[in-house]
Amino acid sequence: MNKLKRDNTMTVPMMGVGTFRLKDDVVIASVKNALDVGYRAVDTAQIYENEAAVGQAIAESGIARDKLYITTKIWIENLSKDNLIPSLKKSLSDLQTDYVDLTLVHWPSPNDAVSVEEFMLALLEAKKQGLTREIGVSNFTIPLMEEAVAVVGAENIATNQIELSPYLQNRKVVERAKELGIHITSYMTLAYGKALKDDVIQSIAQKHNATPAQVILSWAMGEGYSVIPSSTKRENLISNLKAIELQLDQEDRDAIAKLDCNDRLVSPEGLAPKWD
């Protein structure tokens with residue numbers, strides 16, 4: 001499904017299916033349903049403890065590996081140069097694949113216990129070994145992005161996956177990422193569902209005969225971000241895909257821009273960096 005792909009040298013798809021907080025039979029069903037209805041990108045992480053289940057779902061889908069885009073993320077305990085590659089090999093084993101398409105640093109190392117230079121060079125080595133096609137970062141602030149670029153170059157950073165929703169538009173990070181040439185992937189795009197109930201979003205949805213989720217996902221993709229919404233319901237997975245076809249106008253975008261209120265939902269104590 002070419003519309004799920006970005007049309008440039010990077011290959012991070014515009015839309016994939018997320019698996020955060022989904023485990024065992026629930027994540028297997030979600031991923032199998034997603035692949036069945038047309039998704040070709042799946043986002044997981046070591047800390048989600050579902051890589052083996054995701055791997056099972058992918059294997060049982062019967063879809064050729066080269067048609068899929070699989071992302072996983074290295075947990076903070078595995079960021080050292082001695083642990084990163086072995087942990088990634090374990091992820092590959094669980095996912096039943098020889099490589100992933102994208103490997104991200106899930107969170108920067110708390111208190112710089114492992115330096116950005118150390119884990120980015122280890123990640124680049126994993127790429128050189130063919131364990132991952134692309135590498136990137138997640139939850140990185142402006143200084144951390146700049147540090148990562150100084151180590152491996154922007155051409156080796158496929159994306160920065162950050163919390164981004166109508167209520168947290170993260171404009172400073174987005175703008176600096178654009179200047180650096182780093183693509184943005186949005187997670188928590190629907191703000192844990194809170195944004196679905198917003199009067200402005202609902203009004204725009206009514207105007208376009210669309211769902212609030214479609215409006216928000218279309219807005220994010222229209223801004224140039226990749227999105228990875230998750231759902232346990234097949235009908236929602238199908239509905240979310242239709243956001244690709246929805247075209248918002250400038251009036252819609254201006255209205256959503258005004259919803260930004262720096263409402264951050266994900267900031268774990270002891271893990272989150274100093275946000276921009």
Side-chain angles (χ1 to χ4, degrees), residues 1-18 20 34 37-41 43 69 71 142 145 158-231 233-266 275-276:
M1 188 172 287
N2 292 334
K3 288 181 180 176
L4 298 183
K5 291 286 185 180
R6 287 170 54 214
D7 186 22
N8 62 16
T9 54
M10 294 294 189
T11 57
V12 182
M14 288 305 292
M15 182 179 279
V17 65
F20 177 53
V37 303
Y39 291 80
R40 291 295 178 264
D43 181 280
Y69 191 98
T71 299
I142 291 171
M145 283 195 298
T159 196
N160 182 11
Q161 187 177 119
I162 58 173
E163 181 184 349
L164 194 151
S165 76
Y167 297 147
L168 179 72
Q169 297 186 23
N170 237 322
R171 289 181 180 135
K172 288 182 183 176
V173 173
V174 166
E175 192 56 40
R176 186 62 181 130
K178 192 178 291 185
E179 292 169 357
L180 292 168
I182 297 174
H183 178 63
I184 292 291
T185 299
S186 160
Y187 74 80
M188 217 60 72
T189 317
L190 307 179
Y192 275 136
K194 189 163 69 168
L196 301 177
K197 301 166 188 170
D198 190 280
D199 289 344
V200 171
I201 299 294
Q202 290 194 348
S203 174
I204 296 170
Q206 193 170 17
K207 169 181 165 182
H208 291 280
N209 194 26
T211 68
Q214 287 167 357
V215 168
I216 296 167
L217 295 171
S218 173
W219 161 77
M221 289 187 285
E223 294 294 312
Y225 316 138
S226 292
V227 293
I228 45 171
S230 65
S231 182
K233 296 178 180 176
R234 184 181 177 95
E235 58 268 30
N236 288 348
L237 290 164
I238 294 170
S239 179
N240 287 347
L241 264 187
K242 292 178 182 174
I244 295 165
E245 312 294 340
L246 177 60
Q247 298 291 322
L248 302 183
D249 59 36
Q250 194 57 49
E251 183 183 23
D252 302 329
R253 297 194 168 280
D254 291 345
I256 294 173
K258 293 174 183 172
L259 296 179
D260 189 15
C261 57
N262 200 36
D263 184 12
R264 187 179 297 277
L265 301 175
V266 182
W275 301 114
D276 298 294

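Treat the numbers as computed from the prediction; the structure is a model and nothing was measured. Both backbone and side-chain heavy atoms feed into the values below; hydrogens, waters and symmetry mates do not.
By the 6.0 Å contact criterion, CG on Asp254 is enclosed, its count of non-hydrogen atoms from other residues, nucleotides or ligands being greater than 12. Within 6.0 Å of CD on Glu179 lie more than 12 heavy atoms contributed by other residues, nucleotides or ligands.
Residues Ala257 and Arg171 approach most closely at O-NH2, 2.9 Å, considering heavy atoms. Closest approach of Tyr192 to Val266, counting heavy atoms only: OH-CG2, 4.5 Å. Between Asn160 and Met145, the shortest heavy-atom contact is ND2-SD, 3.4 Å. Scanning both residues, Val215 and Leu248, for their nearest heavy atoms gives O-CD1, 3.7 Å. Between Ser231 and Asn236, the shortest heavy-atom distance links the atoms OG-CB, 3.2 Å. Smallest separation of non-hydrogen atoms from Gly16 and Pro229: O-CD, 3.4 Å.
When only modelled atom types and interatomic distance are considered, Asp43 and Tyr187 share no side-chain donor-acceptor pair under 3.5 Å.
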Pair Tyr225-Val174, side-chain contact (heavy atoms from CB on, under 4.5 Å): steps then yes or no: CA-CA 9 Å; Tyr225 316 138; Val174 166; 3.5 Å; yes
Asp263 and Lys194: CA distance, side-chain angles, deciding distance, side-chain contact (heavy atoms from CB on, under 4.5 Å) verdict: CA-CA 11 Å; Asp263 184 12; Lys194 189 163 69 168; 2.5 Å; yes
Worked verdict on Ile256 versus Gln169 for side-chain contact (heavy atoms from CB on, under 4.5 Å): CA-CA 10 Å; Ile256 294 173; Gln169 297 186 23; 4.2 Å; yes
Which is it for Leu259 and Ile201 under the side-chain contact (heavy atoms from CB on, under 4.5 Å) test, yes or no, and what are the steps along the way? CA-CA 9 Å; Leu259 296 179; Ile201 299 294; 3.9 Å; yes
Decide yes or no on salt bridge (charged side-chain N to carboxylate O under 4.0 Å, His left out) for Arg176 and Asp276, but give the supporting numbers first. CA-CA 11 Å; Arg176 186 62 181 130; Asp276 298 294; over 6 Å; no
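The structure places CD1 of Ile228 at 12.5 Å from CE of Met14, a figure rounded to the nearest 0.5 Å. A distance of 8.5 Å separates CG in Leu246 from OG1 in Thr211, rounded to the nearest 0.5 Å. Separating the CZ atom in Arg253 from the NZ atom in Lys258 is a distance of 15.0 Å, to the nearest 0.5 Å. Here the CD-CG distance, from Glu163 to Leu168, works out to 5.0 Å after rounding to the nearest 0.5 Å.
Side-chain atoms of Gln214 come within 3.5 Å of backbone N or O of Ser239 as a donor-acceptor pair. Checked by atom type and distance alone, the side chain of Ser165 never pairs as donor or acceptor with a backbone atom of Leu190 at under 3.5 Å. Using modelled atom types, no side-chain atom of Thr185 and backbone atom of Thr159 make a donor-acceptor pair closer than 3.5 Å. Arg40 places no side-chain N or O within 3.5 Å of a backbone atom of Tyr69 that could act as its donor or acceptor partner. Between the side chain of Ser186 and the backbone N or O of Leu164, at least one donor-acceptor pair lies under 3.5 Å. Within the 3.5 Å criterion, the main-chain N or O of Leu196 finds a donor-acceptor partner in the side chain of Gln202.
A heavy-atom distance below 4.5 Å is found between the side chains of Asn240 and Tyr39. By the 4.5 Å heavy-atom criterion applied to side chains, Lys178 and Ile184 are not counted as neighbours. The shortest distance between side-chain heavy atoms of Val200 and Ile204 falls below 4.5 Å.
Under the rule for a side chain to side chain donor-acceptor pair (under 3.5 Å), Gln247 has no partner lying at least two apart in sequence or in another chain. Residues satisfying the side chain to side chain donor-acceptor pair (under 3.5 Å) criterion with Arg234, sequence neighbours excluded, are Asn33, Asp36. Remark: Lys207 pairs with Asp249, Glu251, Asp252 by the side chain to side chain donor-acceptor pair (under 3.5 Å) rule, at least two apart or across chains.
In summary, Glu245 and Lys242 do not engage in a salt bridge, as defined by a charged side-chain N under 4.0 Å from a carboxylate O.
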